[in-house]
Amino acid sequence: MNSVSETATRQGRVETATLLDGMHAGYNVHLDKFDGPLDLLLHLIRKNELDIRDISIAVITRQYLDYIKLMKELNLEVAGDFLVMAATLLQIKSRMLLPVEEPEESEVEEGDPRAELIRRLMEYQQYKEAGMLIGSRALLGREVFVRTSVEPLLSEARNEEGPLEVSLFELVDAFRVLLERIPAEHFHDVAAAETFSIADSINEILSLLQERDAVQFDDLVRDEFTRERVIVTFLALLELCRLKLIRIFQNGPQGNIWFVPAVVQDAVEERPLLVQ
Amino acid sequence: MSLPAIIESIIFAAESAVSLDRLCDMLSEFERDDIRVALAELAGSHEGRNGGVHLAEVAGGWQFRTRPEFHQYVVRHVKTKASRFSQSSLETLAIVAYRQPITRAEVEHLRGVDCGGVLKSLLEKRLVRILGKKDIPGRPLIYGTSKEFLEVFGLKDLKSLPTLREIQSLADVPQFERQEELPLGQDEGVSEEDSLSLFEE
Amino acid sequence: MSLPAIIESIIFAAESAVSLDRLCDMLSEFERDDIRVALAELAGSHEGRNGGVHLAEVAGGWQFRTRPEFHQYVVRHVKTKASRFSQSSLETLAIVAYRQPITRAEVEHLRGVDCGGVLKSLLEKRLVRILGKKDIPGRPLIYGTSKEFLEVFGLKDLKSLPTLREIQSLADVPQFERQEELPLGQDEGVSEEDSLSLFEE
């Protein structure tokens with residue numbers, strides 16, 4: 001009998017213990033210890049001194065399910081990811097119960113139901129350790145410090161010409177904060193619908209026209225040639241025409257339809273809209 | 001670790017000049033006299049190496065400073081320094097990016113403040129450009145983002161702009177809730193012996 | 001005024017790391033090769049004097065920083081800023097660092113858990129940035145690490161991350177885990193009985 005079982009025997013079983021029953025508070029549970037199902041599985045593998053390449057699915061599955069059960073009994077919210085893994089484990093376990101023609105021991109091979117899980121565990125372990133290595137470095141603001149006093153010469157001078165330093169996230173986040181500040185009705189068409197909107201299409205056409213001098217209608221609908229896409233693109237083009245942002249050409253009755261920017265760079269003067 | 005080096009690290013990282021008294025408070029394991037000697041030694045060694053920086057005695061204590069004769073070089077840095085965006089520039093740029101083509105009046109309606117100055121500076125930085133004039137009374141200018149805008153944000157095209165929903169969805173899903181240590185009595189549910197190994201640590 | 005001293009004054013005064021390219025831009029009256037040599041000389045002289053501060057190469061540039069071993073003294077005067085990173089932040093950061101450009105779904109597949117909240121907080125800390133969108137159906141956002149990531153973790157560039165091969169060999173003989181499991185030989189885990197239970201249930 002192993003040490004765990006001995007512990008269990010010594011403690012005995014308390015069938016009706018409740019969560020808040022301090023009398024039996026013999027253990028502290030670190031439920032925040034596991035950063036996900038893979039983390040929990042790695043812990044169980046280590047605990048049982050299993051070879052990660054040849055894990056005993058039965059043992060791991062039982063202990064994993066016990067843990068989930070415990071979380072539920074403690075009224076902790078069990079994240080969906082943990083339940084998905086539980087289902088995966090049970091599936092692997094049931095597949096392992098099926099008779100195998102030529103059983104090969106301690107080999108993870110193609111037909112092994114555990115193969116995918118083991119590969120994921122090994123990969124995860126790699127990044128978990130990489131994270132620990134990164135985290136153990138001397139960090140700026142924690143072990144390493146830079147000068148915090150301000151050079152008087154530089155504090156007065158503000159620079160308007162230099163390169164810009166701003167991240168995409170800051171841009172989007174600025175927009176998000178703005179939206180939270182103002183009433184929703186101003187933004188009826190901003191909360192993007194599932195589908196491709198006219199605004200999306202306008203943006204796409206404008207960005208295409210930044211790259212090239214002329215665009216064909218077919219270019220705009222080539223990727224996703226759906227009825228809806230064509231209509232939306234068409235409406236977007238009409239809107240752009242109305243705004244006098246593009247000019248449209250056709251080189252024959254059934255020929256390709258071409259679009260060119262109506263204004264070049266920053267020129268503001270008006271150009272006639274041509275539809276030939 | 002020598003005492004002068006310890007003092008150097010403290011003075012370097014400090015926000016303002018550090019006095020001898022303050023040093024003695026902090027380094028209570030050292031004698032005041034030793035600290036004074038080490039400080040003088042430190043100042044002397046920096047004076048002696050003829051670098052661009054020295055340990056200067058200023059009002060209230062000691063501080064590392066660039067030597068005045070190097071100031072002509074130090075100020076050059078300002079010209080190539082990356083400038084950070086103000087919140088109003090960022091907000092205006094975001095509105096133009098997401099709502100283009102858009103007029104100034106529409107931007108101002110959304111922000112609730114005058115945006116003429118901000119728009120002008122975004123035009124000067126070539127992040128925003130004039131696309132044309134809107135066909136409504138008054139024929140206001142309409143704005144959109146430029147090629148430079150895409151370059152600054154490293155975007156291939158406007159389609160690559162993250163949508164608001166994509167950013168919001170990052171926070172939507174509740175995280176696996178972190179729990180404080182819970183005292184646990186033995187529980188009927190955890191009947192199998194092996195599962196106890198979970199609680200051992 | 002010697003060139004190393006000039007460079008010292010510029011790097012000292014700057015708020016963030018200064019690259020060789022930046023230095024060459026600023027000091028256009030000097031040859032690039034001379035600047036490179038002077039920079040190396042400067043770094044070497046600070047390394048040699050064994051002070052509390054040295055010239056560190058981080059995020060593609062150079063910056064004066066306190067040496068890590070002095071932190072116990074520096075923190076007596078300066079507030080520490082970097083909060084401890086949680087295991088999930090570090091794991092996510094490692095995955096983004098090694099696998100960039102990477103989508104949220106790919107990070108989540110590797111970690112086996114929802115990463116929206118972690119990614120958002122890394123974005124807010126500016127350690128991770130949005131690189132654009134991936135050219136696959138749904139056009140998901142792709143993420144990478146930022147310059148701040150290199151600065152905070154004191155990395156010269158992404159190549160100076162420990163290579164995954166090193167980590168792989170580490171995974172073969174898991175150091176951390178072995179340490180925790182000491183004393184070895186004591187079988188607190190699975191017994192033969194347990195392994196046999198495979199076909200019992």
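The sequence lines fix the lettering, A, B, ..., with proteins before strands; numbering per chain opens at 1.
- Heavy-atom pairs under 4.5 Å with chain C were tallied for B:Met26, B:Glu15, B:Arg22; the largest tally goes to B:Met26.
- Contacts of B:Pro162 with chain C are made by both backbone and side-chain atoms, with heavy-atom separations under 4.5 Å.
- Of residues 47-58 of chain C, those residues lying under 4.5 Å from chain B by any heavy-atom pair are C:Arg49, C:Asn50, C:Gly51, C:Gly52, C:Val53.
- Interface residue C:Glu29: only side-chain heavy atoms are found under 4.5 Å from chain B.
- Heavy-atom minimum distance, B:Lys156 versus C:Asp135: NZ-OD2, 2.8 Å.
- When the candidates B:Ala14, B:Ser2, B:Gly154 are compared by the number of heavy-atom contacts under 4.5 Å with chain C, B:Ala14 comes out ahead.
- When each of C:Val18, C:Leu119, C:Val78, C:Leu141 is checked for heavy-atom pairs under 4.5 Å with chain B, C:Leu141 comes out on top.
- The CD1 atom of C:Ile11 sits 13.0 Å away from the OG1 atom of B:Thr66 when rounded to the nearest 0.5 Å.
- A distance of 9.5 Å separates CD1 in C:Ile130 from CG in B:Leu161, rounded to the nearest 0.5 Å.
- The NE2 atom of C:His77 sits 11.0 Å away from atom OG of B:Ser9, with the distance rounded to the nearest 0.5 Å.
- Per-residue heavy-atom pair counts under 4.5 Å with chain B were compared for C:Arg76, C:Lys134, C:Arg139, C:Arg129, and the maximum is reached by C:Arg76.
- A heavy-atom distance below 4.5 Å is found between the side chains of B:Thr163 and C:Lys133.
- Heavy-atom pairs under 4.5 Å with chain C peak, among B:Asp157, B:Leu27, B:Leu155, B:Leu42, at B:Leu27.
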Which atom pairs, one a donor and one an acceptor, fall under 3.5 Å between side chains of residues 68-75 of chain C and the rest of the protein, sequence neighbours left out?
from	atom 1	to	atom 2	distance (Å)
C:His71	ND1	C:Pro68	O	3.1

